[in-house]
Structures are given as C-alpha cells and as structure tokens.
> 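Here you go, one structure.
Chain letters run A, B, ... following the sequence lines, proteins first and then strands; every chain starts at 1. Only a predicted model underlies this, so the values are computations on that prediction, with no experimental measurement involved.
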Amino acid sequence: MATQDIPQDVGGGRASLFYDPKVRGIFFQILVVVALVAFVYWIIGNTVENLKRANIASGFAFLNGRAGFDVSDTLIAFDSDSTYRRALLVGFINTLVVAAAGIVTASILGFLIGIGRLSHNWLIRKICTVYVELFRNIPPLLVIFFWYFGVLSVLPLPKESIELPFGSFLNSRGFYFPKMVWGEGSMLVPVALLLGIAMSWFVARRAKQRQMATGATFPVFWTSVALIIGLPFLALVATGFPLSFDFPQKSTFNLTGGLQIKPEFLSLYLALSFYTAAFIAEIVRAGIRGVSSGQSEASAALGLRSAQALRLVVVPQALRIVIPPLTSQFLNLTKNSSLAIAIGYPDLVAVGGTVLNQTGQAIEIVVIWMVVYLGLSLITSAFMNWFNAKMALVER
Amino acid sequence: MLSSHIKKTGNSLEKTEKGSWVMKYIISGILGAAALGLMATAASAGTLEDVKAKGFLQCGVSTGLAGFSAPNDKGDWQGLDVDFCRAVAAAIFGDGTKVKFTPLSAKERFTALQSGEIDMLSRNTTWTINRDTALGLNFVGVTYYDGQGFMINAKKLPGVNSALQLSGAAVCVQTGTTTELNLADYFKANKMEYSPVVFEKLEEVDAAYDAGRCDVYTTDQSGLYGIRLKLSSPDDHVVLPEIISKEPLGPAVRQGDDKWYHIVKWVYFGLLTAEELGITQANVEEMKASGNPEIKRVLGTEADTKIGTDLGLGNDWVVNIVKAVGNYGEVFERNVGQGSPLKIARGINALWTKGGLQYAPPIR
Ligand SMILES: N[C@@H](CCC(=O)N[C@@H](CS)C(=O)NCC(=O)O)C(=O)O
C-alpha cells in the first residue's frame with residue numbers, strides 16, 4: 001500500500017519496469033501466491049500418492065457409512081444406524097452447546113467477580129481476589145478433573161440418590177429432573193413468550209424516547225418482567241394448563257424417565273465457566289479501572305447514585321476496553337472445550353477421534369477438525385468485531 | 001472410601017503432569033497425517049533392513065493390560081503380546097531383548113503403525129475385514145482367540161446373572177475398539193437400551209467403572225479378567241457368561257512389505273510348531289541333536305537348509321525364538337494361563353491336536 005505514495009516516475013521514464021516499486025511489489029506477491037499454491041498442490045498430491053501406496057482409502061465418501069457405535073450425549077436423534085456424518089454433527093452440536101453455555105456463565109460470573117474485586121467491602125474484595133488467583137493459575141484440565149473426580153464422582157450411586165425439591169435427583173450419574181410434556185394447544189406459550197419479549201423491547205424504546213423528550217422515567221425493568229413472565233402464564237391459563245411432567249424414577253440400574261444432565265457435561269461446563277470467569281474478571285476490572293475516575297465523580301456531581309453511575313456511565317465506557325480481550329477469552333473457552341476427551345464428553349474432537357479410529361480416515365478427520373474450529377473462531381471474532389464497532393459508535 | 005478417593009486424585013494429577021495428553025493426541029494425529037503426507041516419494045527400504053539398521057524392533061503394545069502387555073513392578077514389559085514382540089526380535093537378532101515398546105491406546109494404534117512410528121503392532125487387536133482393507137494393515141494370524149464379555153459388580157447388582165438382564169444399564173467402554181461396535185449391535189439386536197460411557201484411555205474406563213459411574217464393563221473377555229485384578233475389590237465382580245462376538249486377537253503389520261509380513265507371520269507359526277514338536281525353552285539345546293527330520297528342519301540343523309535364509313533370517317531362527325520366550329504353550333501359560341494370576345484355561349487356544357484352534361502350516 002505504501003508504494004502508492006512513491007512518485008510513479010522514480011528512476012526516469014525509460015528505466016525498466018523492474019525498477020518500478022509497484023510492478024515489483026505485484027510481481028513478488030504473485031510469485032509468493034504461485035509458490036504457495038504449488039506447495040499445497042505438491043503436499044496434496046504427495047499425500048494422496050502415499051495413501052494409495054499404503055493401501056489406505058481416502059476421500060470423504062466414508063461419511064455416508066453406518067456409524068455402528070452409540071454416543072452418550074445426543075441432542076439430535078442418533079443411534080448406531082446413523083451415518084458418520086451425523087455422528088460428527090452430534091459432536092459438533094455438543095461442542096457448540098458446552099461452549100455457548102460456558103461463555104454465558106463465564107461472562108456473568110466473570111463480570112460479577114470483576115466488579116467484586118473493586119468493591120468497597122473488604123471481604124468481598126478478598127474472596128474475589130482469591131478466586132481469580134486460584135483459577136487463573138490452575139491448568140483447565142485439572143479444573144475439569146477437580147469437578148469430575150473430586151466433586152461429581154463422590155456423589156452417591158443411583159440407589160442412594162440425593163432427593164431434591166420438584167422431583168429432582170442428584171447422584172454420581174448426573175442430575176435428573178422432571179421433563180415437561182407439552183399437551184395440546186401448548187404452542188400458544190412460546191408465542192406468548194416471544195410476544196412478551198417483543199413488547200418489552202418496544203416499551204423500552206418508547207420509555208427512552210419519552211425520557212429524552214420529557215425527562216420522565218418509566219419502570220421498564222418491572223414492566224418487562226411482568227410481560228415476559230405474565231403473558232406465557234396467561235397463555236397457560238387460557239389453554240387450561242396443557243402441561244404434565246415426566247418424573248425420574250428408580251429402576252434396576254439407573255433412574256429412568258425425566259431428563260438427565262450427565263456428569264461429563266456438568267464437569268466440563270462448570271470447569272470451563274469457572275476457569276474462564278477468572279480471566280474475564282480481570283478483563284472487566286481492567287476495563288472499569290480504565291475509565292477515568294473523573295467520570296464517576298462527574299456522575300456523582302450530577303446526582304447519580306453509585307449503582308446508576310456504574311450502569312449508565314462507567315460500564316458502557318468500560319465495555320469498549322473489555323470487548324477485544326473478551327473475544328479472545330471466548331475463543332479460548334471454545335478451544336478448551338476439546339479437553340472434553342479427557343472425561344468422555346462426546347464433543348467434536350472425541351467423536352471425531354472415534355470416527356477416525358473406526359474408519360482410519362486420519363487426514364480427512366483432521367481436516368474437518370481444523371476447518372470447524374477455524375470456522376468457529378472466525379465467526380466468533382466477526383461477531384465480536386461487529387459488536388465492538390457498534391459499541392464504539394455510542395461513544396460521545 | 002477416603003483412601004480410594006485419594007488414590008484417584010493422585011492419578012489425575014499424574015495424568016496432568018504428563019503434559020496435556022489431549023493435545024498430544026491431537027498433535028500425534030496431525031503428525032501422523034503429516035507423516036503420511038510427507039513420506040518421501042522415493043521407495044523406503046524394507047522394514048527388516050530398517051530394523052536391522054536401527055538395531056532394535058519398535059513394537060506397539062497396549063498401555064497396560066495385564067496378561068497381554070503391561071509393565072511389572074520393575075518397569076519391564078510383560079505379557080503374551082510383549083513376548084510375541086520379543087520372539088520377533090529374537091528371530092531377527094538372536095536376542096529377545098532388542099525390542100522397544102510403544103504403549104498405545106486403542107485410538108492411537110493404527111495411525112502409529114501406518115505412519116511408521118512402530119514396526120509392528122502386537123496389542124490385543126481384533127482382526128477385521130475393515131482393518132485388513134481400508135486401514136491398509138495385514139494381520140499375520142491369531143495369537144489369542146477371544147470374545148467380548150460383560151462384567152458387573154455382583155454385590156451391587158445381586159440377581160443379575162445374564163447379559164440379557166442389562167437393559168437400562170450404563171456401560172463403560174473404550175473408544176476406538178470393536179467393543180463399542182459389538183456393544184451397539186448386541187443391545188440393538190436384543191431390543192435393549194443402554195447408555196454408553198465412553199473413554200479414550202484404559203485407566204479412565206477402569207476408574208469410572210470402579211467409582212460406579214457405570215454398571216457394566218465390557219471388553220474382550222480376557223481383558224475383563226486382567227482388569228478385574230486391578231479393581232479395588234476384585235472378588236465383588238463377576239464376568240457374565242455371554243460371549244457376544246468373535247475377537248481374534250493378533251499382530252499386524254503395514255501393507256506393502258511382503259518380506260516383513262512373512263517374517264512376523266512365521267514367527268507366530270514357529271512358536272506353534274515348537275509346541276507341537278515338544279520343543280521347549282529348557283530342552284531346545286538337546287533337541288538340536290535330535291535325529292527326527294521334522295525337528296531338524298524346524299531347528300535348522302538339517303544339512304544345507306535354506307528355510308531360515310529364504311525367510312531373510314538365520315537358519316536357527318526357531319532356536320532363537322524358543323530360547324528367548326519358549327514355545328506358544330509356554331508363553332500362554334506364563335502370561336495368561338496357570339502360571340499367571342489370570343488363570344485362563346487354554347480352551348480354544350489349545351493346539352489343533354488337543355482340540356483347539358491353534359494350527360500352523362508345515363515348516364518345510
Ligand atoms: N480387541 C478389541 C479391543 C481391544 C482393546 O483396546 N481393549 C481395551 C480394553 S481391554 C484395551 O486393551 N486397552 C488398553 C489400552 O488402551 O492401552 C479391538 O481390537 O478393537
């Protein structure tokens with residue numbers, strides 16, 4: 001790019017094209033691209049040739065074959081008659097679920113702890129500091145083992161399950177709770193929920209406009225709560241409670257019925273959340289510290305209470321500092337989710353490994369792994385960049 | 001309870017110390033793939049020449065399955081599969097100690113062989129058509145005829161005495177095995193439900209089963225006996241009578257090197273033939289003086305014999321094998337039979353002359 005600033009006639013009009021920095025730049029760029037393509041082409045050709053020589057099948061056709069194995073945690077229908085492709089999809093969805101759940105929990109936890117570290121209360125401050133120092137300095141795999149072997153596996157066996165309220169149970173096989181069985185007409189409930197959310201959003205917008213114009217405030221929060229909980233409840237009443245529960249029950253081996261969250265998922269989810277929260281707490285603290293104290297003082301001078309100042313003045317400015325490093329924490333969490341393999345949670349790496357072994361298609365599976373993790377990372381960064389740009393515009 | 005818990009935590013600490021083996025696994029997968037990609041286009045020398053040049057045999061074994069391949073208190077590898085590696089080393093070098101072992105999980109074993117990390121695989125591996133074809137391997141024979149079984153804790157599950165009563169159970173199984181495939185087939189065929197609890201490492205499956213994470217442990221029946229010995233209270237556990245599959249376990253080599261394939265295959269037949277002819281570690285020296293033409297042929301004492309050299313070895317190859325590890329029967333009894341804690345009967349692994357399946361083509 002810098003070459004554009006250089007006058008075109010350097011070296012005089014008659015000088016050979018070779019001395020034109022722009023031409024030369026383009027020439028070398030083309031050369032690098034050609035070399036790269038040739039290199040990749042050579043690698044691929046060589047690989048295919050070698051696989052053929054070793055009599056190892058190659059290509060992605062194996063994905064349509066019958067998997068033949070079962071997967072412990074599946075959110076979409078899957079059994080041993082499904083294809084390898086579907087097995088990989090199951091693993092991919094499991095990765096997404098644990099990463100998404102981890103990101104949400106880690107963010108909330110990290111945010112609270114980060115603010116806690118700045119609290120005026122000595123005890124809260126110390127507890128938060130200890131938390132951060134503890135979890136930041138332990139390798140994530142150890143945190144996973146802590147939850148899996150240290151906490152969840154010492155729970156009692158199914159026969160001596162701990163009974164919890166609402167017909168739930170806790171034992172070393174996981175957490176069991178009643179499954180909601182929706183009857184006829186229950187479609188109205190999610191519709192009402194969506195309606196409630198839409199209306200809340202609308203109310204919030206109007207309230208803001210009104211406040212801008214007249215200065216009068218409106219209890220947006222409580223109105224939203226009423227709408228989002230009240231409307232679905234009304235829908236339930238109107239349709240005559242078409243809801244029943246399937247309770248977990250003890251049987252010969254396990255509890256049957258209801259829904260089960262397995263210890264493998266729980267350990268991984270808790271470990272990733274707790275581990276990443278420590279880093280997010282530090283980022284949040286740095287972000288808040290990065291907003292000059294003049295801002296809070298000015299807010300106080302304007303008569304805002306300290307909670308209000310935090311919410312309306314400090315946090316929005318802190319977010320700008322927080323988002324870029326937060327993105328890399330989200331990416332780390334997603335990548336760390338591949339530690340699942342250590343405790344047998346069937347994420348993409350674990351299921352992919354099984355497929356790799358059963359089919360022997362090492363190169364294909366490694367390519368799938370790389371493409372998927374790269375894709376996830378790029379999508380996350382793209383979203384966070386967009387969010388960052390949006391936040392940056394709000395700056396005044 | 002407390003002490004077992006401490007033991008477990010110690011275990012996991014140890015695992016982490018070894019470095020993140022998850023990363024190691026992924027990296028080894030990638031390296032394996034890369035190795036396949038980058039193998040020089042020039043034809044590599046034969047495996048026998050490579051092994052001779054190195055001065056030792058690199059043999060892939062399990063990470064620790066009692067009776068087949070597991071390090072003893074002193075850290076020396078022991079077991080039926082291990083002794084087979086030693087037999088191959090003895091046939092090549094006349095010295096059964098010229099072998100190095102690579103412990104491999106079920107999932108790592110084939111990539112390790114394909115990429116050339118090991119010269120041969122001798123790790124309770126089931127011979128299947130898929131492995132023989134799509135995976136580019138060649139199985140040399142069946143060193144142990146096995147079948148898949150189930151183990152339960154009889155104390156916790158009194159009244160369960162058949163695998164057909166297992167519907168609804170949580171089943172611990174190691175990934176990357178024929179075991180997990182047979183398991184799915186068996187429960188499907190019998191219209192039973194189960195929830196798989198799947199781990200990659202043997203020690204994780206063992207720990208999970210011992211801690212009660214699952215009701216049932218399934219793998220090759222011989223493996224169950226070996227694993228039971230390591231549980232916290234072995235006597236509480238019983239192996240159910242059902243055998244749900246055929247698991248012919250045997251050593252494998254890469255395709256494309258017939259000479260090497262023949263050597264490994266005939267070492268196996270050599271072990272069997274020695275037993276058939278009554279040649280043992282104790283009497284092999286005396287046997288060399290035998291006038292029996294068959295024994296002379298096998299031990300290479302026949303005048304101007306070419307049997308060993310045609311194979312690419314010395315003519316005393318069987319002598320070396322038997323001196324190093326004994327004959328097949330001795331290897332069996334020492335590692336999994338009456339001379340071992342496993343006390344497995346010869347059963348179908350007896351010689352064909354004794355009603356078993358072990359049978360070697362003639363050495364002539
Ligand atoms: N024979 C089966 C299963 C062999 C197998 O891996 N069994 C397990 C459980 S007994 C084992 O030996 N693991 C030892 C290890 O991972 O090191 C196969 O070839 O797929």
> Can you give me the closest heavy-atom contact between B/E204 and A/I341, atom names plus distance?
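Looking at all heavy atoms of both residues, the shortest contact is OE1-O, 4.4 Å.
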> Judged by atom type as modelled, is there a donor-acceptor pair below 3.5 Å linking the side chain of A/R173 to the main-chain atoms of B/A170?
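No: the side chain of A/R173 does not pair with the backbone of B/A170.
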> B/L183 versus chain A, heavy atoms under 4.5 Å apart: side chain, backbone, both or neither?
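For B/L183, neither part sits under 4.5 Å from chain A.
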> Taking every heavy-atom pair that is under 4.5 Å apart, which of A/I44, A/D73, A/D81 has the most such pairs with chain B?
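Heavy-atom pairs under 4.5 Å are most numerous for A/D81.
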> Atom CD of residue position B/E193 - does it have more than 12 heavy atoms of other residues, nucleotides or ligands inside 6.0 Å?
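Check fails, neighbour count at 12 or below.
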> If every non-hydrogen atom of B/F199 is compared with every non-hydrogen atom of A/I343, which pair is closest and at what distance?
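Distance-wise, the nearest heavy atoms are CE2-O, 3.3 Å.
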> Under a 4.0 Å threshold between the charged nitrogen and the carboxylate oxygen, would A/D70 count as salt-bridged to B/K188?
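No.
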> Indicate the atoms forming the closest heavy-atom contact of A/A350 with B/K107, along with that distance.
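Residues A/A350 and B/K107, closest heavy atoms: O-NZ, 3.8 Å.
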> So for A/A340, is it side chain, backbone, both, or neither that comes closer than 4.5 Å to the heavy atoms of chain B?
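For A/A340, there is no contact with chain B at all, as no heavy atom is under 4.5 Å.
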> With chain B, which of A/P346, A/P263, A/G352 has the greatest number of heavy-atom pairs at distances under 4.5 Å?
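Heavy-atom pair counts peak at A/P263.
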> If I measure from the heavy atoms of chain B, does A/Q361 come under 4.5 Å with its side chain, its backbone, both, or neither?
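No part of A/Q361 comes within 4.5 Å of chain B.
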> Write down the atom of A/F69, the atom of B/A184, and the distance for their closest heavy-atom approach.
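That would be CA-CB, 4.3 Å.
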> Which answer fits B/R213, side chain, backbone, both or neither, if we ask what part of it has an atom under 4.5 Å from a heavy atom of chain A?
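Both parts, heavy atoms under 4.5 Å.
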> Counting N and O atoms only, with roles assigned by atom type, does the side chain of B/N130 sit under 3.5 Å from a partner on the main chain of A/T359, one being a donor and the other an acceptor?
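Not confirmed, B/N130 side chain does not pair with A/T359 backbone.
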> Identify which part of A/Y148 has an atom lying under 4.5 Å from any heavy atom of chain B, answering side chain, backbone, both or neither.
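Contact with chain B: side chain only.
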> Would you check if the side chain of B/Q114 reaches a backbone N or O of A/G360 as a donor-acceptor pair within less than 3.5 Å?
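Not a single qualifying donor-acceptor pair exists.
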> Given heavy-atom pairs under 4.5 angstrom as the criterion, report whether the side chain, backbone, both or neither of A/V71 touches chain B.
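Only the backbone of A/V71 comes within 4.5 Å of chain B.
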